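Nothing here was measured: the structure is a model prediction, and the numbers come from that model. All chains are named by letter (A, B, ...) in the order of the sequence lines, taking the proteins before the strands, and each is independently numbered beginning at 1.
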Amino acid sequence: MQYWLMKSEPEAYSIHDLAKEPTRTTFWDGVRNYQARNFMRAMKAGDRVLFYHSNADPPAVAGTATVVRTAYPDFTALDPEDKHYDPKATQDNPIWEMVDVKLERIFPRPIPLDELRATPGLKGMELLRRGSRLSVQPVSKEHFEIVLRLADKPAAGEAKPAPTGRTVVAKRTQSKETSKHRSKRKRQRV
DNA sequence: GCCAACGTTGGC
DNA sequence: GCCAACGTTGGC
């Protein structure tokens, strides 16, 4: 069993779009990076995937999916009308491939990128590397499980242990809407 | 909107 | 093979 993370801009295709598919399954088209493609080639049915919302506010892991079909040609590369058309791709040499993934679970709350960064156990995760742009990337089993645990915990800052030396009655939980998260940027791009 | 990081392209 | 120019990704 292998573990992966796949990015999608929610304005293009979100985990909620996946949930609306008749069989909660979609083909992961549009990957136009060789390294990312090679990772998809390595995927096996049953592998688990973190579904990440990039270019979102905030960027976050939104849930999980499983691989249900191994790599096959991404036909959108052959379609001149398609946004991800690649003139180098042909029937005989499609160049680009895709896999099918099926929604497993939408997290009760998305795990924002800054929380992932603040989680010591996730040190070294590819997603957190400065300048990381890979849209398909491997995730270690350990990191995958830590993310799952975060998903079922209250938002960061709400479950801190009491300060040492004395017991403290649970404080009113902090607003989840920190000013950072609230900061509104205009949507650009598709 | 800005820009750092990174991948690709093409001239040489 | 080198590398500058260019395009894209994606956080902020």
(message) In this structure, how many angstroms lie between the P atom of B:dG7 and the CZ atom of A:Phe39, rounded?
(response) 12 Å

(request) Starting from P on B:dC2, measure out to CG on A:Asn55 and report it in whole angstrom. (result) 16 Å

(request) Taking A:Arg109 for its side chain and A:Leu150 for its backbone only, find out whether a donor-acceptor pair lies under 3.5 Å. (result) yes

(request) Go through the steps for A:Lys153 and A:Glu115 under the test salt bridge (Lys or Arg N to Asp or Glu O under 4.0 Å), then give the verdict. (result) CA-CA 12 Å; A:Lys153 270 209 300 224; A:Glu115 183 175 342; over 6 Å; no

(request) Output yes when A:Glu145 and A:Lys141 qualify as a salt bridge under the 4.0 Å nitrogen-oxygen rule, no when they do not. (result) yes

(request) Return the set of residues passing side-chain contact (heavy atoms from CB on, under 4.5 Å) with A:Thr25 (not counting sequence neighbours), or none when no residue passes. (result) A:Thr23, A:Val68, A:Asp100, A:Lys102

Distances under 3.5 Å only, N/O to N/O: pair up the protein atoms with those of nucleotides 9-11 of chain B.
| residue | atom | partner | partner atom | Å |
| --- | --- | --- | --- | --- |
| B:dT9 | OP1 | A:Lys88 | NZ | 3.4 |

(request) Classify the side chain of A:Arg32 and the base of C:dT8 as holding, or not holding, a donor-acceptor pair under 3.5 Å. (result) no

(request) Rounded to the nearest angstrom, tell me the gap between atom CG in A:Asn33 and atom P in B:dG7. (result) 7 Å

(request) Determine whether the side chains of A:Thr66 and A:Glu104 contain a donor N or O and an acceptor N or O closer than 3.5 Å. (result) no

(request) Over 60° means perpendicular and under 30° means parallel, so classify the ring planes of A:Trp28 and A:Phe51, tilted if in between. (result) perpendicular

(request) Please state how far atom NZ in A:Lys7 lies from atom P in C:dT8, giving the value in whole angstrom units. (result) 17 Å

(message) Between A:Asp47 (side chain only) and A:Lys44 (backbone N and O only), is there a donor and an acceptor less than 3.5 Å apart?
(response) yes

(message) In whole Å, I'd like the distance from the CG atom of A:Leu134 to the P atom of B:dA5.
(response) 16 Å

(request) Using atom CZ of A:Arg130 as one end and atom C1' of B:dC3 as the other, report the distance to the nearest whole Å. (result) 11 Å

(request) Would you please indicate if the ring centroids of A:Trp96 and A:Tyr34 are separated by under 6.0 Å? (result) yes

(request) Find the distance A:Gln35:CD to B:dG7:P and express it as a whole number of Å. (result) 7 Å

(request) Please determine if a side-chain N or O atom of A:Arg129 lies less than 4.0 Å away from the OP1 or OP2 oxygen of B:dC6. (result) yes

(message) So if I take residues 116-127 of chain A and measure heavy-atom distances to DNA chain B, which residues fall below 4.0 Å?
(response) none

(request) Fit a plane to each ring of A:Tyr3 and A:Phe144, take the angle between them on a 0 to 90° scale, and name the class: parallel (under 30°), tilted (30 to 60°) or perpendicular (over 60°). (result) tilted

(request) Provide, to the nearest angstrom, the distance between the CG atom belonging to A:Asp86 and the C1' atom belonging to B:dG7. (result) 14 Å

